[in-house]
Amino acid sequence: MKKFKRHLVTAALPYANGPIHIGHLAGVYVPADIYCRYLRLKGEDVKFVCGSDEHGVPITIKARHEGVTPQQIVDKYHGMIKDAFERFGISFDIYHRTTNPIHYQTASEFFKTLFNKGEFIEKTTQQFFDEEAGQFLADRYIIGTCPRCNFENAYGDQCEKCGSSLSPDELINPRSTISGNKPVLKETRHWYLPLDKYEPFLRKWILEDNKHWKSNVYGQCKSWLDGGLEPRAVTRDLDWGIPVPIEGAEGKVLYVWFDAPIGYISATKDLTKDWQLYWKDPETKMVHFIGKDNIVFHCIIFPAMLKAEGSYILPDNVPANEFLNLEGEKISTSRNWAVWLHEYLDDFKDKQDVLRYVLCASAPETKDNDFTWKDFQARNNNELVAILGNFVHRSLVLTHKYFDGRVPALINPDDYDNEVLGEIIKIRKLVESNLENFRFREALKETMNLARLGNKYLADREPWILIRTDKEKTGSVLNVALQISANLSALIEPFLPITSGKLIGYLNMDHIKWSEIGNPKVLEAGHELRESKLLFEKIEDNVIQEQLDKLARIKKMNESAAAGLEPAKNQVTYDEFSTMDIRIGKILSAEKVPKTDKLLKLTIDTGLDTRTIVSGIAEYFKPEDLPGKLVCVLANLAPRNIKGIESRGMILLAEEPDGKLVFIVPEEGTKLGSTVK
RNA sequence: GGCGAGAUAGCUCAGUUGGUCAGAGCGCAUGAUUCAUAAUCAUGAGGUCGGGGGUUCGGAUCCCCCUCUCGCUACCA
């Protein structure tokens with residue numbers, strides 16, 4: 001393996017429109033922090049950078065929604081996130097933000113360099129423009145009537161009612177959400193990064209030179225590369241972001257995915273004047289910790305940007321994790337289905353390490369994993385308390401009891417003593433190789449094995465019995481147990497930094513370096529110990545039950561009327577309603593539309609005629625169950641070509657809050673063709 | 001539908017190039033023990049390694065087909 005002079009570790013930039021939850025921690029920040037703490041203990045030169053990603057359309061929407069400025073939104077969440085990370089103990093060397101002036105400057109320069117080198121393609125396209133507000137409209141800022149379902153408040157990119165993906169020019173009666181006016185199409189010029197140009201380079205770099213990357217990362221990259229890369233726009237018409245730093249680009253900003261990864265660079269710049277060493281010297285090892293949703297940006301797009309710029313190094317590895325679920329369900333910010341870091345820190349005072357431990361022990365390294373409060377409790381009580389805390393505690397208590405709190409001498413160690421002491425360095429080596437290969441779960445397990453070894457040693461030696469007959473030998477046994485404890489204090493530091501500090505305090509010793517782990521004489525005979533308190537305490541059922549109750553309440557809220565239901569719609573007149581020609585019809589036949597997941601092709605007798613309707617209901621109904629069923633049909637909906645089939649009309653369905661579809665069924669015997677009023 | 005990643009003991013996961021690879025931790029059962037937060041230590045039960053074919057002397061491990069889960073993507077009420 002290549003030896004590097006220094007390390008640059010980045011953790012994915014949290015998007016500043018919400019707080020941090022356990023999914024973020026398990027996937028990115030806990031492993032990254034463990035990795036960095038390990039490197040620092042080894043005496044490596046390492047910079048650990050992160051920061052808030054504060055641009056992009058969702059933040060402007062949230063701001064508009066709450067009636068505040070985008071800056072106020074990002075100030076709020078940046079503050080929350082930064083504070084939570086600090087309280088939790090993530091050891092960033094700097095937690096930056098992309099609204100920082102240094103970032104504006106860095107991103108602008110980066111863009112200009114690429115621009116001047118002629119790395120961009122310019123394209124002119126037509127986009128909607130709000131003349132009153134004097135700005136181009138992002139898709140989300142345009143609403144209009146959905147061409148599919150006639151919902152009046154569909155967004156330019158998607159109809160929230162029918163779920164259709166739309167483009168703004170499809171909307172009927174489009175209007176701007178800013179002024180309410182009808183937007184006009186206007187020409188706009190944008191710059192594109194021709195990713196296709198870098199495809200041969202990326203192919204070699206990833207597919208040939210980086211075969212050791214995790215299979216999920218490698219596979220996804222291969223999928224993108226095999227699918228062919230296309231130029232991607234790096235600018236947008238928006239008033240929130242970094243202005244495009246060239247003439248004639250007024251009112252345009254850098255697209256958020258272009259500016260965000262540069263945030264790693266600006267953070268480093270703000271951190272140290274030697275930033276170029278970390279970004280441009282091939283002897284720097286750069287590692288990006290991210291979640292699987294970010295793979296393409298960190299493995300394809302950002303490297304292409306860096307390559308285009310020309311003077312930067314590329315990441316050595318991109319250890320992307322999968323996702324963490326909570327109690328069997330996907331974590332969801334909008335449904336409030338999460339364990340929020342700031343709430344955890346309030347509910348579990350001084351238990352940062354417990355969460356670090358649990359999230360590391362069941363991190364979604366190879367596949368999605370599930371966080372459950374029961375598992376959290378079990379890991380705390382059965383592993384941290386029973387194995388680690390207990391071993392340290394009994395070593396210290398016995399020493400205080402029999403030797404007045406002073407480290408007894410190791411006299412004439414026998415084979416077993418030497419064997420046990422010799423194990424320490426072996427475990428250290430295992431932990432090292434696992435950490436260096438980003439196998440944090442395994443590394444943690446090996447770490448705990450040292451405490452297990454200690455417990456077994458004490459059980460085998462029985463110092464509490466030995467003391468009756470042989471005080472000198474008892475002293476030797478406790479010496480060994482204390483040496484193990486002292487070594488543990490360093491070995492656990494990357495995983496459990498606060499606990500490590502406590503243990504060092506109880507042992508009344510200095511921090512030891514990683515390279516010293518394995519030294520069987522860390523503590524000298526006669527060294528005085530401080531009073532020992534418990535490293536961990538049991539977590540009782542009622543505490544866990546409170547958390548479960550909290551989740552149950554959230555679930556109930558989500559299921560209950562208010563949360564899941566769509567907001568009431570605007571009034572309509574009877575005349576407007578009566579334009580709908582809704583008829584009672586009967587399904588004659590149904591078959592799946594080939595090569596689709598959701599579509600069924602239905603033949604309907606509407607009483608007036610027999611017609612074909614394509615309906616996206618295949619996820620909820622089997623074709624064979626449908627013939628003979630009476631349904632309500634919107635008969636005068638404009639025909640639409642779907643997957644090459646002309647669909648004439650729409651079957652009316654009720655959609656439950658969870659998305660489940662239910663037919664609106666007329667009473668048995670209703671005559672076909674009857675109108676619905 | 002296309003692509004990617006998964007599917008191994010109750011739970012969470014290891015299993016490098018096919019031949020002690022059927023494993024670990026937790027849980028469970030039994031026994032030992034009492035220094036310790038009813039903690040610890042020992043022993044044990046448990047799996048046709050998602051299903052079905054194939055190649056091979058031999059497959060969790062390679063090939064083909066299928067099923068299920070997650071993600072990306074396409075189509076859609």
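Here is how names work: the chains are called A, B, and so on, in the same order as the sequence lines, proteins then strands, and each is numbered from 1. Computed from a predicted structure; not experimentally measured.
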Using a cut-off of less than 4.0 Å, is there contact between a side-chain N or O of A/K538 and OP1 or OP2 of B/A39? yes
Which whole number of Å gives the distance between the P atom of B/G6 and that of B/C62? 11 Å
When you compare B/A45 with B/A24, how far apart are their P atoms, in angstrom units rounded to a whole number? 11 Å
Are OP1 or OP2 of B/A14 and a side-chain N or O of A/T366 less than 4.0 angstrom apart? yes
Could you work out which one of B/A36, B/G71, B/A5 sits closest to the side chain of A/N390? B/A36
Which whole number of Å gives the distance between the C1' atom of B/C63 and that of B/U55? 7 Å
Does A/N382 place a side-chain N or O at less than 4.0 Å from the phosphate oxygens OP1/OP2 of B/G27? yes
What is the distance, to the nearest angstrom, from the OH atom on A/Y402 to the C1' atom on B/A36? 11 Å
Just checking A/G219: base, sugar-phosphate only, or nothing, at a heavy-atom cut-off of under 4.0 Å? sugar-phosphate
A/I295 CD1 - B/A5 C1' separation (whole Å): 9 Å
With side chain to side chain donor-acceptor pair (under 3.5 Å) as the test, would you mind laying out the steps for A/E446 and A/N434 before giving the verdict? CA-CA 9 Å; A/E446 289 299 338; A/N434 279 311; 5.1 Å; no
Listed nucleotide nearest any side-chain atom of A/V397, set B/C35, B/C3, B/U12: B/C35
Go through B/C76, B/A39, B/U40 for me and flag the one nearest to the A/L599 side chain. B/C76
Between A/N449 and B/G25, does any side-chain N or O lie under 4.0 Å from OP1 or OP2? no
NA contact type, A/N369, heavy-atom cut-off 4.0 Å: base, sugar-phosphate, or nothing? sugar-phosphate
Dot-bracket, RNA chain B: Watson-Crick or G-U, under 3.5 angstrom, [ ] crossing, | other strand? (((((((..((((.........)))).(((((.......))))).....(((((.......))))))))))))....
Do A/N449 and A/R452 get their side chains close enough for a donor-acceptor pair, meaning under 3.5 Å? yes
Per atom distances to the A/R452 side chain, the nearest of B/C26, B/G4, B/U34 is B/C26
Which of B/G25, B/C70, B/A7 is nearest the side chain of A/K367? It is B/A7
Can you name the closest pair of heavy atoms from A/I206 and A/C299 and give their distance? CD1-O, 3.3 Å
Which of B/A77, B/G25, B/U37 is nearest the side chain of A/S615? It is B/A77
Grab the CZ-C1' distance between A/R468 and B/C35 for me, whole Å please. 11 Å
Nearest-angstrom distance, P atom, B/C3 to B/U8: 24 Å
Is there a side-chain contact between A/W464 and A/R394, using heavy atoms and a 4.5 Å cut-off? yes
A/E329 has an atom CD; how far is it from atom C1' of B/C70, in whole Å? 15 Å
Taking the six-membered ring where the residue is Trp, are the ring centres of A/F495 and A/Y357 under 6.0 Å apart? no
Whether A/R441 contacts B/A14 is assessed here as follows: a side-chain N or O lying under 4.0 Å from the phosphate OP1 or OP2. Is that the case? yes
Would you measure the distance from the C1' atom in B/G10 across to the matching atom in B/C57 and give it in whole Å? 37 Å
Whole-Å distance, A/K456 NZ to B/G25 P, equals 12 Å
Mind checking if A/A378 touches a base, just sugar-phosphate, or nothing, with heavy atoms under 4.0 Å? nothing
Is there side-chain contact between A/L435 and A/F440, with at least one heavy-atom pair below 4.5 Å? yes
Can you work out whether A/Y218 or A/F323 has the more 5'-proximal nearest nucleotide on RNA chain B? A/Y218
Which glycosidic conformation, syn or anti, is assigned to B/G46 if syn requires a torsion within 90° of zero? syn
Check every atom of B/C41, B/A77, B/C70 against the side chain of A/M650 and return the nucleotide holding the closest atom. B/A77
Under 4.0 Å between any heavy atoms, over every strand shown, what does A/R461 touch: base, sugar-phosphate, or nothing? Just pick one. nothing
Scan A/K401 against the nucleic acid and name what it touches under 4.0 Å (heavy atoms): base, sugar-phosphate only, or nothing. sugar-phosphate
Between B/C26, B/G71, B/U34, which nucleotide has the shortest distance from any of its atoms to the side chain of A/E383? B/C26
With a 4.0 Å cutoff (strictly under), does any side-chain N or O of A/S215 reach OP1 or OP2 of B/G6? yes
What is the distance from CD1 of A/I613 to P of B/C75, rounded to the nearest Å? 21 Å
Counting the atoms with a prime plus P, OP1 and OP2 as sugar-phosphate, which does A/K222 contact under 4.0 Å by heavy atoms, base, sugar-phosphate, or nothing? nothing
Ignoring the backbone of A/K292, work out which of B/C70, B/C35, B/A5 is nearest its side chain. B/C70
Looking at A/K214, I'd like to know whether one of its side-chain N or O atoms comes within less than 4.0 Å of OP1 or OP2 on B/A5. no
Check whether any side-chain heavy atom of A/Y416 sits under 4.5 Å from a side-chain heavy atom of A/D460, and report yes or no. yes
Could you say whether A/I651 or A/S362 is positioned toward the 5' end of RNA chain B, judged by the nucleotide with the nearest heavy atom to each? A/S362
With a cut-off of under 6.0 Å to the ring centre and 45° to the axis, is A/K292 in cation-pi contact with A/F323? yes
Do A/I484 and A/N487 have side-chain heavy atoms sitting under 4.5 Å apart? no
Separation of A/K601 atom NZ from B/C75 atom P, in whole Å? 20 Å
What distance, rounded to whole Å, do you find between the two C1' atoms, one in B/C13 and one in B/G47? 14 Å
Give me the atom names and distance for the closest heavy-atom approach of A/D196 to A/L229. CB-O, 3.2 Å
Protein-nucleotide distance (A/E365, atom CD; B/C70, atom P), rounded to Å: 21 Å
Using a 4.0 Å heavy-atom cut-off, does A/L535 contact any base of the nucleic acid, only the sugar-phosphate backbone, or nothing at all? base
Pairwise C1' distance, B/G4 and B/C76 [rounded to whole Å]: 24 Å
Rounded P spacing from B/A60 to B/A7 in Å: 15 Å
Do A/M448 and A/L388 have side-chain heavy atoms sitting under 4.5 Å apart? yes
